[in-house]
Engineer: 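Provided herewith is a single structure, encoded as structure tokens, for subsequent inquiry.
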Amino acid sequence: MKEKISAILKTLPERPGVYLMRDIDGKIIYVGKAKKLKRRVSSYFRHTHSSPRLRKLVELIEDISTIRTETEAEALIVEAKLIRRYSPFFNVDLKMNDRYPYVKITDEDYPRIEITRHKDNDRATYFGPFVDAGNIRNLMRLAERYFPLRVCRSKITPNSKKRPCVEYNLGHSMGACAGLCSQSEYRERVADIALLFGGKQAELAGRLRERMNEAARNMEFEKAARYRDTIRTVWRLSRQKISSALQEDLDNETWKVLNRVQELLGLEVLAWRIDAFDISHTSGHDTYGCCVVFEQGRPSPNLYRRFKIRSLADGEIDDFASIYETVKRRYRHVMDNSEPAPQLALIDGGPVQLEYAQRAIHELGYDIPMIALAEREEIIFTPDNPEPLRLGRDDPALQLFQRLRDEVHRYAITTHRNARGKHMRHSRLDDIAGIGRKKAAELLVKFGSAKRIAELTAEEIMSVPGIGPKLAEKILEELKK
């Protein structure tokens, strides 16, 4: 075995991912996926292959790079994208433009749902791709049973005199053609299906729960029971966790940027997923640490995370300690497999922020390449080099880092602003047992503020309807603490 290949094999993880094999000219000659990268890639070099094709492949391999993914399903999709992008010589199986299926909601007044392997520019809504046939069948069966749309392809002109089709009698249609539902009711059903196939089970269950409660209030118990059963089924079925960034093919420029980042930082693998960190507070109050995630050079908002800083007292300012806590909490979740692992992390700041972030991951026993981007000079700090990297403003790697930094900065400010607004809307009256929102609002409208109320007598407070002597005394006691 070649010395360089032997060294690469020792660094590979026993985790899912994609591997790219290159020849002496740096050309990609084979792309494969693996449930366990180390075991799969090492198998090519353990023994002599009976296949002439495999023997020739192994003979030509001069370099191997990998892309870590969170699941084997994700690796399948990444593999297919890379094969379509590079058309490696030894990938005969997927060169024929093999495609994974999507779920399509058509762009019509009364949309239909269908499965397709082609994502066209037809204004329809697509979900996927799905790599597990059983998974997509289960979701389609659930949609057919609980969220049925029309199945006919003819144009619908609702007519109340028209008899509904047999699918309506079977419970597989809303009877739109016979005017048995309005277009707004039909669109609400379409929105439910979009949440289902978009993996937003919590939001869908919330919508269904509201309808269930309304049906129960109206004593429509059979209808309420149906909503209850639908909610249970929705939670029982889990969608493959394929991020939105994986649903689109990359353009050539993005591939160049990611390869530039790998070359610039000497990364062992392509930075397929990148985390970025920032801190936001107002004079030490409402301090939050935030993390945004880019996949394939694009934001993946469903992976964004925020952390209320616990290690500092209210009013205490320590951005370094905040970075330390945020990074440590973030990668603790990564280590227990509840969050996806990135291939690179970017810290908004300079060498000291980077030092604290490094300390956090080392204490966890975790390892990930890290850099820091200083905002004013736009220079890049790395852990092992005392001299920062100074890139030209037109360097695509710097431009990607700037987009990451700007996005995490925006997210941190938004998070802090929302928290501050919530804090400002909160009144001390809200913390007093027995005072509901209505009574608190009436007190504030009449007297102006909690501070002003604390200066009143019990009799004055009792002038507000619903507040008796005991509650008035309790309000004064609490506000004067």
Side-chain angles (χ1 to χ4, degrees), residues 1 4-22 26-46 54 57-58 61-88 90-91 93-94 98 100 129-132 240-250 254-255 257-259 261-263 265-275 293-298 300 303 331 333-345 361 366-370:
M1 190 188 305
K4 181 179 180 180
I5 298 298
S6 178
I8 291 172
L9 296 180
K10 292 176 182 177
T11 67
L12 298 181
E14 291 283 1
R15 298 296 301 274
V18 175
Y19 52 94
L20 300 88
M21 296 173 167
R22 291 181 167 86
K27 184 177 180 181
I28 297 174
I29 56 176
Y30 186 74
V31 173
K33 60 90 182 171
K35 188 175 183 180
K36 296 183 177 180
L37 280 167
K38 189 180 189 73
R39 184 178 304 178
R40 180 71 184 95
V41 178
S42 298
S43 68
Y44 286 89
F45 305 94
R46 287 198 188 111
L54 279 178
L57 169 64
V58 173
I61 296 171
E62 292 291 335
D63 192 15
I64 303 170
S65 58
T66 60
I67 298 171
R68 269 272 289 111
T69 61
E70 287 311 298
T71 64
E72 189 177 14
E74 187 177 273
L76 275 165
I77 293 176
V78 175
E79 176 198 36
K81 287 177 179 291
L82 290 170
I83 290 173
R84 287 200 294 272
R85 176 64 59 194
Y86 293 115
S87 297
F90 287 90
N91 284 101
D93 295 331
L94 279 171
D98 186 18
Y100 294 110
F130 295 87
V131 296
D132 187 333
Q240 290 175 347
K241 295 182 178 178
I242 304 300
S243 69
S244 58
L246 290 172
Q247 296 181 16
E248 301 291 341
D249 282 329
L250 285 180
T254 305
W255 284 113
V257 173
L258 296 182
N259 277 286
V261 170
Q262 183 177 13
E263 176 190 16
L265 301 177
L267 303 179
E268 294 180 356
V269 298
L270 200 71
W272 190 262
R273 182 180 289 114
I274 307 176
D275 285 357
V293 182
F294 274 31
E295 290 181 314
Q296 300 185 164
R298 304 174 184 176
S300 284
L303 297 178
Y331 292 116
H333 292 309
V334 171
M335 290 179 72
D336 65 17
N337 293 319
S338 61
E339 296 287 351
Q343 290 78 46
L344 177 66
I361 61 169
Y366 190 67
D367 187 30
I368 177 177
M370 273 189 172

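One-based numbering along the sequence shown.
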Engineer: With K4, which residues qualify under side-chain contact (heavy atoms from CB on, under 4.5 Å), at least two apart?
Structural biologist: I8, D63

Engineer: Tell me yes or no: between the side chains of S43 and R46, is some donor less than 3.5 Å from an acceptor?
Structural biologist: no

Engineer: Between atom CG of L9 and atom NZ of K38, what is the distance when rounded to the nearest 0.5 Å?
Structural biologist: 7.0 Å

Engineer: Kindly indicate whether the side chain of N259, heavy atoms from C-beta on, has any atom under 4.5 Å from the side chain of E263.
Structural biologist: no

Engineer: Rounded at 0.5 Å granularity, tell me how far OG1 in T254 sits from CZ in R298.
Structural biologist: 6.0 Å

Engineer: Roughly how far, to the nearest 0.5 Å, is the CD atom of E295 from the CZ atom of R273?
Structural biologist: 4.0 Å

Engineer: Could you state the interatomic distance from OG (S65) to OH (Y19), rounded to the nearest 0.5 Å?
Structural biologist: 12.0 Å

Engineer: Does K36 have any side-chain contact (heavy atoms from CB on, under 4.5 Å) partners at least two apart in sequence or in another chain, and if so, which?
Structural biologist: E14, R39

Engineer: On a heavy-atom basis, which atom in G17 and which in A75 lie closest, and how many Å separate them?
Structural biologist: O-CB, 3.7 Å

Engineer: Looking at L37, T11, V18, which one forms a side-chain contact (heavy atoms from CB on, under 4.5 Å) with T66?
Structural biologist: L37

Engineer: Taking atom CD1 of I28 and atom CG of N91, what is their separation to the nearest 0.5 Å?
Structural biologist: 10.0 Å

Engineer: Tell me the closest heavy-atom pair linking A271 and L344, and the distance in Å.
Structural biologist: CB-CB, 4.2 Å

Engineer: Identify the two heavy atoms, one from Y30 and one from P88, that lie closest to each other, and give their separation to 0.1 Å.
Structural biologist: N-CB, 3.7 Å

Engineer: Side-chain contact, heavy-atom cut-off 4.5 Å: P342 with I368?
Structural biologist: yes

Engineer: Under a 4.5 Å cut-off applied to non-hydrogen side-chain atoms, are I67 and L82 in contact?
Structural biologist: yes

Engineer: Looking at side-chain heavy atoms only, is the closest gap between W272 and Q296 below 4.5 Å?
Structural biologist: yes

Engineer: Test your reading of the model: is there a side-chain donor-acceptor pair from E62 to the backbone of R22, 3.5 Å cut-off?
Structural biologist: no

Engineer: Measuring from I29:CD1 to F90:CZ, what's the distance to the nearest 0.5 Å?
Structural biologist: 5.5 Å

Engineer: Any side-chain heavy-atom pair from M21 and Y44 closer than 4.5 angstrom?
Structural biologist: yes

